[in-house]
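Accompanying notes for the structure given below.
Because the structure is a prediction, the values reported are computed rather than measured. Only heavy atoms go into these numbers, but all of them, side chains included; no hydrogens, no water, no symmetry mates.
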Amino acid sequence: MYGNDNWINSYLDAILDAGKGAGPARGRGGGGGGGGDRPSLLLRERGHFSPARYFVEEVITGYDETDLYKTWLRANAMRSPQEKNTRLENMTWRIWNLARKKKEFEKEEANRLSKRRLEAEKPQNDATADMSEDLFEGVKGEDVGDPSVAYGDSTAGNTPRISSFDKLYIVLISLHGLIRGENMELGRDSDTGGQVKYVVELAKALSSCPGVYRVDLLTRQIIAPNFDRGYGEPDEMLALTSFKNFKCERGENSGAHIIRIPFGPKEKHLAKENIWPFIQEFVDGALGHIVRMSKTLGEETGSVCPVWPAVIHGHYASAGVAAALLSGALNVPMVFTGHFLGKDKLEGLLKQGRQTREQINVTYKIMRRIEAEELSLDASEIVIASTRQEIEEQWNLYDGFEVMLARKLRALVKRGANCYGRYMPRMVIIPPGVEFGQLIHDFDIYGDEDNPSPASEDPSIWFEIMRFFTNPRKPMILAIARPYAEKNIATLVKAFGECHPLRELANLTLIMGNREAISKMNKISAAVLTSVLTLIDEYDLYGQVAYPKHHKHSEVPDIYRLAARTKAAMHGLPVIATKNGAPVEIHQVLENGLLVDPHDQHAIADALYKMLSEKQFWSRCRENGLKNIHQFSWPEHCKNYLSRILTLGPRHPAFACKEDHKVPVKCRKHIFVIAVDSVNKEDLIQIIRNSVEATRSGTMSDLTGFVLSTSLTIAELQSVIVRTGMLPTDFDAFICNSGSDIYYPSQSSDVPSNSRVTFASDHNYRSHIEYRWGGEGLRKYLVKWASSVVERRGRTEKQVIFEDSEHSSTYCLAFKVINPSHLPPLKELQKLMRIQSLRCHALYNHGATRLSVIPIHASRSQALRYLSICWGIELPDAVVIVGETGDSDYEELFGGLHKTVILKGGFNTPANRIHTVRRYPLQDVVALDSSNIIAIEGFSTGDIRSAMQQKLGIPTR
């Protein structure tokens with residue numbers, strides 16, 4: 001540095017004015033991802049900014065410790081009385097000291113983060129303490145360092161070549177938001193954001209891959225005022241995407257399609273929080289489409305059998321429930337992507353302290369969402385995550401997944417050992433794809449800022465943004481997010497508004513979707529926009545913050561180009577991103593920015609200031625991003641995706657081919673399902689008689705089928721039929737054991753007697769529901785659990801739940817309840833079984849005097865779907881008759897396209913506690929005001945016939 005006296009004189013005061021005792025100021029909030037003692041914070045605390053101070057910071061970060069120390073020694077050797085050299089010595093000493101302090105702090109921060117990471121990986125001992133010792137014998141220590149074993153993602157050595165498969169049919173499901181192939185209205189509402197863009201691009205990319213014949217993206221049909229008519233089109237074919245790096249020939253292909261299924265109230269757009277009561281209606285409509293499409297694809301490809309989906313992939317919690325039900329109904333593999341998990345959202349909202357848990361649940365239906373994600377874990381074969389952090393810190397919060405248990409189970413599977421009925425979905429890390437080709441090209445065309453192309457014109461969106469700024473040449477901080485509380489836009493504005501050096505350095509651009517007037521927006525988005533505008537006014541940020549009302553999806557690359565251009569044409573933008581979720585490991589690959597706590601405004605401000613003020617760091621982040629972005633291409637994503645799903649075991653409907661179809665088929669137009677649980681046996685017998693008499697008359701007699709659906713065993717049901725005076729053959733099928741068995745009656749033609757009637761079990765249905773059934777391992781655990789449920793009277797304890805072998809079957813484990821008032825809530829039992837990785841449904845029935853545990857894909861509603869496919873009957877032509885209350889699966893009998901008749905009256909037994917301990921209100925599951933649901937008083941023949949004819953429009957004569 002000797003000889004640079006003139007260069008440095010103008011900056012000496014900037015250092016010396018800080019005062020001899022000031023020293024370096026410690027950064028708040030960790031300095032945004034590992035920063036340390038920096039003058040930037042000192043300058044902020046002093047409340048003003050000068051270019052000299054800014055330059056000094058560039059000097060500090062531009063030298064390493066060795067060079068600074070040598071400079072100090074040279075300056076010390078040339079001491080003289082001159083004030084200039086004294087100042088030079090003082091300056092170099094301060095710079096050296098600052099650099100040392102910064103490195104010390106960075107080392108401390110790295111140690112702190114390492115310690116925190118180890119604490120996050122601490123095993124959940126409670127989840128495995130109760131498991132039998134033989135489960136883990138010889139497993140401890142095996143494959144401990146292998147992430148693929150830990151998550152169940154072990155495909156090395158056995159991954160099929162994609163080109164060796166063809167005619168794959170893939171079904172994607174995403175229920176919320178405005179989904180269309182072109183001109184996506186991203187940001188129009190809180191539901192139309194990144195997930196919408198992701199699923200559309202995924203569908204396009206997959207359909208362009210070799211071996212994939214057709215991709216269907218199923219979503220909701222929207223026919224509502226003020227929405228484009230395209231959202232009401234039942235079928236929209238997506239333009240194929242071509243990738244120059246994908247060298248395989250695509251061959252014959254049916255393309256990618258958006259299939260819009262009508263469900264919920266017509267002519268009304270539903271927010272994702274309001275979709276829950278209508279999911280079963282979607283499932284019924286989607287089931288019909290998939291069955292028809294599979295048959296069509298079989299004919300197109302010349303296959304003997306229908307081409308059933310290779311996988312059904314649900315995106316987000318609501319689509320996860322739908323995918324689970326469709327997977328069970330069709331016996332095809334399920335894949336799930338959570339996108340933004342409910343438990344993580346709940347913790348974030350509670351951390352903000354603005355709402356109580358109850359208020360959050362009312363606003364976001366958060367408990368329904370979390371239960372849906374738990375069910376998705378139960379049913380999925382693969383769960384796709386973007387990062388390891390998502391698995392270890394977010395999914396690890398759920399009852400149904402635990403990292404250490406997943407590792408041990410996977411090790412057992414690799415050894416071919418017995419897992420005792422325990423199963424864990426495979427967690428697969430596949431980073432999201434990015435359609436970046438056009439973006440990179442757009443950046444490159446501005447490679448020479450000094451000699452731009454004279455023919456080029458600035459995009460119109462640039463003017464819409466720049467008109468907000470007093471000084472539009474300053475660097476730009478860009479945030480693109482929907483106006484939604486979870487996006488933390490207000491925190492960013494606070495960080496910008498309270499940091500005066502940052503305001504001097506840069507402008508802030510907020511792209512918050514599209515809006516006409518805040519008064520016309522939904523309440524949540526309007527509240528966020530109002531908060532942002534209030535903060536802009538409070539901090540007097542006019543001329544420094546842009547917040548345009550409109551932008552097109554196609555203009556997003558232009559917005560990024562503008563942000564890059566304001567930073568001296570250095571193309572490619574570094575990022576400041578959340579330290580939670582996908583950005584963590586994306587950042588590890590790209591190394592193109594800083595990670596911060598999204599709720600810590602000081603950390604955000606520190607990170608932004610560091611990025612803008614340290615030019616070398618900015619340039620390094622930009623170069624890293626452009627160099628590594630290709631690792632996140634859609635071809636790479638699809639290659640990883642297909643390699644995983646092609647390793648799944650073969651699963652397809654048992655009725656896939658005609659020669660496999662052994663279920664009795666009768667020519668029926670309507671199915672009447674009697675599923676009344678809330679009455680005594682005498683009233684049940686009369687309800688059965690009256691229902692049959694009301695509908696089995698006139699010309700519809702031979703076109704009407706009857707099914708009894710109950711929690712009774714086939715033996716118990718047979719005794720009920722005898723008391724009705726009817727023949728078992730008067731019914732087409734019997735759904736028994738809460739939906740875990742289907743029986744068909746048959747009788748010798750020469751002996752018309754009940755004694756010669758036989759009941760044939762549907763083995764095809766059993767093959768549908770046996771998925772992940774725990775069998776003997778599950779039974780042993782339940783017996784152990786039942787012994788712990790006791791009634792305490794003083795010092796004595798009395799067991800209240802006992803195994804009931806008489807009423808158990810292969811796929812239904814029954815337990816007798818002695819005192820229902822001491823039953824634990826079902827959610828507690830379900831939680832215990834999920835922690836043990838036992839995948840099943842637990843039900844209280846018979847007035848809570850019996851506990852039944854059945855497979856995860858078994859239920860009375862699923863059995864009805866199975867029969868409708870086998871018999872070729874449309875579900876809108878089915879009627880389910882229920883009581884005013886029922887077993888704990890009561891709510892599942894309401895939803896869907898079938899009609900539901902509720903028999904009301906004093907003959908119903910009162911609702912008991914099994915219906916008062918649910919995690920969420922009944923209206924979060926069932927749309928009780930649906931036109932498909934009617935209630936009548938009594939159960940006389942006339943009442944039932946009138947309901948069928950007048951209210952449901954079903955002919956009974």
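Within the 3.5 Å criterion, the main-chain N or O of Leu349 finds no donor-acceptor partner in the side chain of Gln352. In this structure, the side chain of Arg839 engages the main chain of Gly400 through a donor-acceptor pair within 3.5 Å. A donor-acceptor pair under 3.5 Å is formed between the side chain of His898 and the backbone N or O of Leu893. A donor-acceptor pair under 3.5 Å is absent between the side-chain atoms of Arg180 and the main chain of Ile258, judged by distance alone. A donor-acceptor contact shorter than 3.5 Å links the side chain of Ser327 to the backbone of Val332. A donor-acceptor pair is defined here as one N or O able to donate and one able to accept, closer than 3.5 Å; no such pair exists between the side chain of Tyr423 and the backbone of Glu381. A distance-only check finds no donor-acceptor pair linking the side chain of Asp191 to the backbone of His176 [under 3.5 Å]. With Lys899 contributing its side chain and Val880 its backbone, the two residues share no donor-acceptor pair below 3.5 Å. Between the side chain of Ser525 and the backbone N or O of Pro483 there is at least one donor-acceptor pair closer than 3.5 Å. Judged purely by atom type and a 3.5 angstrom limit, Gln830 uses its side chain to pair as donor or acceptor with the backbone of Cys840.
At a threshold of 4.0 Å, the pair Lys197-Glu201 counts as salt-bridged, since one of the basic side-chain nitrogens sits closer than that to a carboxylate oxygen. Salt-bridge check for Lys827 with Asp399: failed, with every basic side-chain N at 4.0 Å or more from each acidic carboxylate O. Ion pair Asp924/Arg368 not flagged as a salt bridge, since none of the NZ, NE, NH1 or NH2 atoms sits closer than 4.0 Å to an Asp/Glu carboxylate oxygen. Classification of Glu182 and Lys204 as a salt-bridged pair holds, one side-chain N sitting under 4.0 Å from a carboxylate O. Classification of Arg260 and Glu236 as a salt-bridged pair holds, one side-chain N sitting under 4.0 Å from a carboxylate O.
Val596 places none of its side-chain heavy atoms less than 4.5 Å from the side chain of Lys579. Counting heavy atoms from C-beta on, the side chains of Leu642 and Leu206 come closer than 4.5 Å. Annotation: side chain of Ile312 is in contact with side chain of Pro309 (closest heavy-atom distance under 4.5 Å). Looking only at side-chain heavy atoms (C-beta outward), Thr219 and Ile259 stay at 4.5 Å or farther from each other. Between Pro855 and His857 there is no side-chain heavy-atom pair separated by less than 4.5 Å. Within the 4.5 Å cutoff, the side chain of Leu178 has heavy atoms near those of the Arg188 side chain. Side-chain contact between Trp395 and Leu377 is present, with at least one heavy-atom pair separated by less than 4.5 Å. Using a 4.5 Å heavy-atom cutoff, the side chains of Met334 and Val311 are not in contact.
To the nearest 0.5 Å, atoms CD1 (Ile279) and CG (Leu325) are separated by 8.5 Å. The CD atom of Glu273 lies 11.5 Å from the CG atom of Asn361; values are rounded to the nearest 0.5 Å. Separation of atoms OG (Ser376) and CG (Leu341) is listed at 10.0 Å; rounding is to 0.5 Å. Distance check: His587 NE2 to Thr387 OG1 gives 13.5 Å after rounding to the nearest 0.5 Å. The line from CG of Leu168 to CD1 of Ile645 is 6.0 Å long, rounded to the nearest 0.5 Å. Separating the CG atom in Leu350 from the CD1 atom in Ile360 is a distance of 4.0 Å, to the nearest 0.5 Å.
The shortest heavy-atom contact between Gly177 and Val196 is CA-CG2, 4.3 Å. Of all heavy-atom pairs between Phe336 and Gly320, the closest is CE1-CA, 3.6 Å. Of all the heavy atoms in Ala406 and Phe401, the pair that sits closest is CB-CE1, 3.8 Å. Shown here for Ser386 and Glu390, the closest heavy-atom pair between the two residues is N-OE1, 2.9 Å. Here the shortest heavy-atom pairing between Arg772 and Pro425 reads NH2-CA, 3.6 Å. Between Phe340 and Asp344, the shortest heavy-atom distance links the atoms CE1-OD2, 3.7 Å.
By the 6.0 Å and 45° rule, Lys345 stacks over the aromatic ring of Tyr364. In this structure, Arg369 fails the cation-pi test against Tyr316, since its NZ or CZ atom is not both closer than 6.0 Å to the six-membered ring centre and inside 45 degrees of the ring normal.
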Stepwise, does the side-chain contact (heavy atoms from CB on, under 4.5 Å) test hold for Ile511 with His551? CA-CA 8 Å; Ile511 306 297; His551 75 283; 3.4 Å; yes
For a side-chain contact (heavy atoms from CB on, under 4.5 Å) check, start with the C-alpha distance between Met427 and Ile384, then their side-chain angles and the critical distance, and finish with the verdict. CA-CA 6 Å; Met427 288 284 175; Ile384 294 179; over 6 Å; no
List the steps, then state whether side-chain contact (heavy atoms from CB on, under 4.5 Å) holds for Ile173 with His313. CA-CA 6 Å; Ile173 304 175; His313 186 166; over 6 Å; no
Would Asp378 and Arg834 count as a side-chain contact (heavy atoms from CB on, under 4.5 Å) if you check the C-alpha gap in whole Å, the side-chain angles of each, and the deciding distance to 0.1 Å? CA-CA 8 Å; Asp378 289 337; Arg834 282 171 172 159; 2.9 Å; yes
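Remark: the Gln394 side chain and the Gln389 side chain contain an N/O donor-acceptor pair separated by less than 3.5 Å. In this model, no donor atom of one side chain and acceptor atom of the other lie less than 3.5 Å apart for Tyr231 and Gln221. No side-chain N or O of His599 forms a donor-acceptor pair with one of Thr491 less than 3.5 Å apart. With 3.5 Å as the limit, one finds a donor-acceptor pair spanning the side chains of Tyr169 and Asp216. A donor-acceptor pair shorter than 3.5 Å can be found between the side chains of His269 and Asp189.
The neighbour count for Lys494 NZ, taken as heavy atoms of other residues, nucleotides or ligands under 6.0 Å away, does not exceed 12. Under a cut-off of 6.0 angstrom, the local environment of CD in Gln923 is crowded, with over 12 non-hydrogen atoms contributed by other residues, nucleotides or ligands. For Lys549, the NZ atom sits in a packed shell: over 12 heavy atoms of surrounding residues, nucleotides or ligands are nearer than 6.0 Å.
Between His637 and Tyr641, the angle of the ring planes stays under 30°, which puts this pair in the parallel group of the 30/60° scheme.
Under the side-chain hydrogen bond (donor to acceptor under 3.5 Å, both in side chains) test applied with Ser174, the options Arg220, Gln195, His315, His339 reduce to a single match, Gln195.
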